[in-house]
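Not measured: the values here are computed from a predicted model.
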2 protein chains.
Amino acid sequence: MANAVRYLLVIYIEGGENYPVSPGRLAERLEKSPAATTEMLQRLEADGLVVHEPYEGATLTDDGKETAEELYDTYCTLSQFFRDVLGLEDSEAEAMRMAGSVSPVVAERLAATLLGDTANSEPVATASEAGER
Amino acid sequence: MANAVRYLLVIYIEGGENYPVSPGRLAERLEKSPAATTEMLQRLEADGLVVHEPYEGATLTDDGKETAEELYDTYCTLSQFFRDVLGLEDSEAEAMRMAGSVSPVVAERLAATLLGDTANSEPVATASEAGER
DNA sequence: CTTTTACTTTAGGTATGCCTAAATCAGGTA
DNA sequence: TACCTGATTTAGGCATACCTAAAGTAAAAG
């Protein structure tokens with residue numbers, strides 16, 4: 001399931017509003033074959049996370065949107081952390097790869113820490129801050 | 001393969017020197033059935049990462065040790081980060097779960113950042129440092 | 001209106017990882 | 001030495017996630 005939700009994330013990001021995202025687009029973004037994409041869309045539809053209109057594309061259900069949003073939060077948090085703290089080049093790709101493997105607890109604590117939650121820790125310094133000195 | 005290497009990590013940690021780690025022990029640590037463990041040991045042996053002595057247990061090959069060490073580094077880095085920066089309770093369990101999903105680049109940059117690499121960032125503050133104020 | 005073309009889906013496989021139930025084995029007990 | 005017991009392995013399945021090749025579809029070009 002960890003891999004399956006990446007499809008949701010791409011649909012969420014690509015879909016913008018609520019127009020369907022084509023299998024081809026998904027396949028390209030995820031670097032999978034179109035066949036794998038179709039299969040996954042059917043699986044996700046069976047799980048009630050997307051609506052798959054054959055030969056058209058997929059849109060998120062409310063459930064799917066909820067799942068995607070959670071993952072998107074994690075993705076953004078990771079991406080920011082990789083970029084601003086670790087100074088990684090392809091922070092977004094890396095974040096996309098990892099988002100599904102990060103537990104909610106870690107994602108939450110990381111987000112809080114990035115926002116300067118001092119209950120457990122000082123805010124971490126960002127790469128740009130370090131560069132300004 | 002990402003899951004398979006966790007077996008290596010446990011063998012590495014449990015095995016200490018080079019005496020075999022029993023399937024039962026592995027199964028317990030990884031919360032898998034003994035049958036799954038046996039199967040995985042056979043798989044890992046086919047990949048040249050462990051030597052599996054039937055009814056005895058498994059020891060790492062040089063290749064296996066190398067892989068395990070890399071993962072162990074990542075595990076330690078993550079564990080430290082979760083404990084000292086994020087202030088997580090079960091930092092080790094969390095680190096064990098995630099170690100296999102973290103790319104070498106991320107692990108390396110994270111380790112460097114924890115050590116106070118200021119090329120890209122100031123050292124992150126630790127929970128204990130924050131608590132001392 | 002037919003045909004081409006690009007995209008999608010189906011069909012048939014493969015690899016990974018896991019499980020339960022049923023053998024099998026090794027070591028200690030009788 | 002024969003047996004019991006606990007651990008291990010094999011057998012048979014199942015779910016997830018991927019692939020290639022072949023078939024099908026829709027929409028634009030002719």
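- For B/Y55, the ring pair (Phe, Tyr, Trp, His ring centres under 6.0 Å) test picks out no residue, with sequence neighbours left out.
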Protein-nucleic acid N or O pairs under 3.5 Å, nucleotides 14-18 of chain D:
unit_1: D/dA17; atom_1: OP1; unit_2: A/M1; atom_2: N; d: 2.6
unit_1: D/dC18; atom_1: OP1; unit_2: A/N3; atom_2: ND2; d: 3.4
unit_1: D/dC18; atom_1: OP1; unit_2: A/K32; atom_2: NZ; d: 2.7
unit_1: D/dC18; atom_1: OP2; unit_2: A/Y7; atom_2: OH; d: 3.0
unit_1: D/dC18; atom_1: N4; unit_2: A/E39; atom_2: OE1; d: 2.9
unit_1: D/dC18; atom_1: N4; unit_2: A/E39; atom_2: OE2; d: 3.3

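- Partners of B/Y7 according to the ring pair (Phe, Tyr, Trp, His ring centres under 6.0 Å) rule, which considers only residues two or more places apart in sequence or in another chain, do not exist here.
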Restricting to nitrogen or oxygen on both sides, can you table the protein-nucleotides 24-29 of chain D pairs closer than 3.5 Å?
unit_1: D/dT25; atom_1: O4'; unit_2: A/Y55; atom_2: OH; d: 3.4

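- With sequence neighbours left out, A/T67 forms a side chain to side chain contact (heavy atoms under 4.5 Å, CB included) with A/V5, A/L8, A/L49.
- Pairs engaging residues 93-105 of chain B under the side-chain hydrogen bond (donor to acceptor under 3.5 Å, both in side chains) rule: A/E94-B/S103, A/S103-B/E94, B/E94-B/R97 [sequence neighbours left out].
- Regarding contacts with the backbone of D/dT9, a side-chain N or O of B/H52 is found under 4.0 angstrom from either OP1 or OP2.
- Between B/T38 and D/dT10, a side-chain N or O to OP1/OP2 separation shorter than 4.0 Å is absent.
- Partners of B/T77 under the side chain to side chain contact (heavy atoms under 4.5 Å, CB included) rule, at least two apart in sequence or in another chain, are B/L110, B/A111, B/L114.
- For A/A4, the side chain to side chain contact (heavy atoms under 4.5 Å, CB included) partners two or more places apart in sequence, or in a different chain, are A/M40, A/L44.
- With B/E45 contributing its side chain and B/H52 its backbone, the two residues share a donor-acceptor pair below 3.5 Å.
- Nucleic acid contact for A/T37: none, since no nucleic acid atom lies under 4.0 Å from a heavy atom of the residue.
- Nucleic acid contact class of A/P23 (heavy atoms, under 4.0 Å, all strands): sugar-phosphate only.
- Residues satisfying the side-chain hydrogen bond (donor to acceptor under 3.5 Å, both in side chains) test with A/R6, not counting sequence neighbours, are none.
- Sorted by first and then second residue, the ring-ring contact (aromatic ring centres under 6.0 Å, His included) pairs with a member in residues 59-80 of chain B read B/Y12-B/Y72, B/Y72-B/Y75; sequence neighbours excluded.
- On the nucleic acid side, DNA chain C has its first and last nucleotide under 4.0 Å of a heavy atom of chain A at C/dT8 to C/dT10, going 5' to 3'.
- Scored by the ring pair (Phe, Tyr, Trp, His ring centres under 6.0 Å) test, A/F82 finds no partners at all (sequence neighbours excluded).
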